[in-house]
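Because the structure is predicted, anything quoted here is derived from the model rather than measured. Below, read A as the first sequence line, B as the second, and so on, with proteins coming before strands; counting in each chain starts at 1.
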Amino acid sequence: MPWRRTDDPYRIWVSEVMLQQTQVKKVVDYYERFIERFPDVQHLAVAPLQDVLKVWEGLGYYARARNLHKAAQVIVEELDGKIPVDYTTFRKLPGVGDYSAAAVQSIAFNVPYAAVDGNIKRVLARLFLMEAPINDAKSAKLFQQRADELLDRSAPGFFNQAMMELGATVCRPQSPTCLVCPVNMFCEAFHTARQDEFPYRRETKPVPEHHLAVGVIYRDNAVLLTQRQLDGLLGGLWEFPGGRLAEGETAEAACVRHIADVVNLSVTNVRSLTRVRHAYTHFKIVVDVFQCDYRAGEVVLKGPRDAKWIEIAALQDYPLPRATHKFLEKLIGE
DNA sequence: AAGTCGGGGAT
DNA sequence: ATCCCAGACTT
């Protein structure tokens, strides 16, 4: 991992933010490109948010990028441009929670805080037969206490990384390889052959599926792209206008209706392009994509933060959601 | 304490 | 299909 070969606290911080709820393999390329484009906290602080989102495009949880950007500005403006060597100060920065504060402070500065992430909770649950569900907020304090007790205060960064590495490679969710585990002699689950029962999890709820219709509106050689508000789902990313189907409504009718509602345009020659599916954390979507031609009206936004007519070739300059990328190729092929 | 917020690899 | 990932923030 490239962030293991540096002692630059900025780089270690960036890696820890990217690694939130994201697997190492996925992060590596994004990390390399991010560091190349924003090599230090000053470069990140002065960069336009759109540039940061473009580099983050496809990594998900875009609030991480917005918070990282904002935190960099706070560091430059209020903290002398240096990552604070202090847990409490660093923890106050936007996007820095208990885990990231402990990880960065311990790995970059050798400050003795125990990090607790998903991997470590699983390792602890098995080591001590902890029945607290690892996906329940009520369990957090218990796992933190166990981690605090176990922490090697002479080498906290090394210890935290070793615990996570153990969880990622040996003490895996399914089929842990206990026979080659370096700490199996300490593990209560292994001693009682109950490693497959742990960790406990609280039940998760089924996710609903929504049906959407969006329209690619052509006018001269351009199409209309709208930007989402900065807060909420996919904040700051660009997309084609559309929305959910009403009860009993056809996708085509919903497309025309939402275009009238969201950007105040009337369109004509509506033709179906394709259908894509995508899964978010709390719901799934089926999106019917239409192409259509501008007929009349002036763009007035209800919902989006901004809108622009752009040429198809310029789409690659904008941060777009994965669901949009799923039909972009068909659009360019036209 | 529960809900929101992406995307993809592993199984 | 389902799980779950080097979580943080809002309500």
Here the residues of residues 314-321 of chain A within 4.0 Å heavy-atom distance, strictly under, of DNA chain C are none
Please examine the side chains of A:Thr204 and A:Asn135, heavy atoms only from C-beta on, and report whether any two atoms are closer than 4.5 Å.
yes
- Query: Is the shortest heavy-atom distance from the side chain of A:Asp8 to the side chain of A:Trp3 under 4.5 Å?
  - Reply: no
**Same-atom distance (P) from B:dC5 to C:dC4, integer angstrom** = 22 Å
Taken to the nearest whole Å, CG/A:Leu234 to P/B:dC5 is 9 Å
Comparing A:Lys205 with A:Ala279, nearest DNA chain B nucleotide closer to 5' gives the residue A:Lys205
When rounded to whole Å, the CE to C1' distance for the pair A:Met18 and B:dG8 reads 16 Å
Between NZ of A:Lys25 and P of B:dT11 the distance, given in whole Å, is 11 Å
Whole-Å distance, A:Lys26 NZ to C:dC5 C1', equals 11 Å
Atom NZ of A:Lys284 and atom P of B:dG6 are separated, to the nearest Å, by 18 Å
Q.
Please determine whether side chain to side chain donor-acceptor pair (under 3.5 Å) holds for the pair A:Gln50 and A:Trp238, giving the CA-CA distance in whole Å, both sets of side-chain angles, and the decisive distance to 0.1 Å.
A. CA-CA 10 Å; A:Gln50 280 298 293; A:Trp238 296 74; 2.9 Å; yes
Requested in this report: Check whether any side-chain N or O of A:Arg172 sits under 4.0 Å from OP1 or OP2 of B:dA10, and answer yes or no.
Outcome: no
Donor-acceptor pairs under 3.5 angstrom involving side-chain atoms of residues 262-276 of chain A: please list them, not counting sequence neighbours.
residue  : atom : partner  : partner atom : Å
A:Asn264 : ND2  : A:Glu298 : O            : 3.1
A:Ser266 : OG   : A:Ala296 : N            : 3.3
A:Ser266 : OG   : A:Ala296 : O            : 3.4
A:Asn269 : ND2  : A:Asp293 : OD2          : 2.9
A:Arg271 : NH1  : A:Asn269 : O            : 3.0
A:Arg271 : NH1  : A:Asp293 : OD1          : 3.4
A:Arg271 : NH1  : A:Asp293 : OD2          : 3.4
A:Arg275 : NE   : A:Asp288 : OD1          : 2.9
A:Arg275 : NH2  : A:Asp288 : OD2          : 3.1

Before giving the answer on side chain to side chain donor-acceptor pair (under 3.5 Å), spell out for A:Tyr99 and A:Glu16 the whole-Å C-alpha distance, their side-chain angles and the decisive distance to 0.1 Å. CA-CA 9 Å; A:Tyr99 165 77; A:Glu16 289 300 342; 2.6 Å; yes
- Query: Reckon A:Gly235 touches a base, only the sugar-phosphate, or nothing at all at heavy-atom distances under 4.0 Å?
  - Reply: nothing
Item to complete: Pick the P atom in C:dT11 and in B:dG6, then give their distance to the nearest Å.
Response: 15 Å
Result for 5'-nearest mapping on DNA chain B, choosing between A:Leu233 and A:Asp136, is A:Asp136
- Stepwise, does the side chain to side chain donor-acceptor pair (under 3.5 Å) test hold for A:Arg64 with A:Thr22? CA-CA 12 Å; A:Arg64 295 183 295 176; A:Thr22 310; 3.1 Å; yes
What interatomic distance, in whole Å, is found between C1' of B:dG9 and the corresponding atom of C:dA8? 23 Å
A:His258 vs A:Asp261, side chain to side chain donor-acceptor pair (under 3.5 Å): CA-CA, chis, key distance, verdict:
CA-CA 5 Å; A:His258 283 294; A:Asp261 186 44; 4.9 Å; no
Q. A:His278 vs A:Tyr280 aromatic rings, parallel, tilted or perpendicular, using cut-offs 30° and 60°?
A. perpendicular
Just to confirm, is there a sub-4.0 Å distance from OP1 or OP2 of B:dG6 to any side-chain nitrogen or oxygen of A:His278? no
Next on the checklist: Would you say A:Lys121 places a side-chain N or O within less than 4.0 Å of OP1 or OP2 belonging to C:dC5?
Outcome noted: no
To the nearest angstrom, the CZ-C1' distance between A:Arg202 and C:dC3 comes to 15 Å
Scoring nucleotides 6-11 of chain C by protein non-hydrogen atoms under 4.0 Å (B base, S sugar-phosphate only, - none) yields BBSS--
- Query: Does A:Arg33 come within less than 4.0 Å of A:Glu36, counting only side-chain N to carboxylate O?
  - Reply: no
Rounded to whole Å, the CG-P distance (A:Leu142 to B:dA1) equals 12 Å
Review point. Between C:dA6 and B:dT11, how far is it from one P atom to the other, in whole Å?
Key: 13 Å
In A:Ile217, A:Val223, A:Leu225, the residue satisfying side chain to side chain contact (heavy atoms under 4.5 Å, CB included) with A:Trp309 is A:Ile217
Here the distance between atom P of B:dG8 and atom OH of A:Tyr280, to the nearest Å, is 11 Å
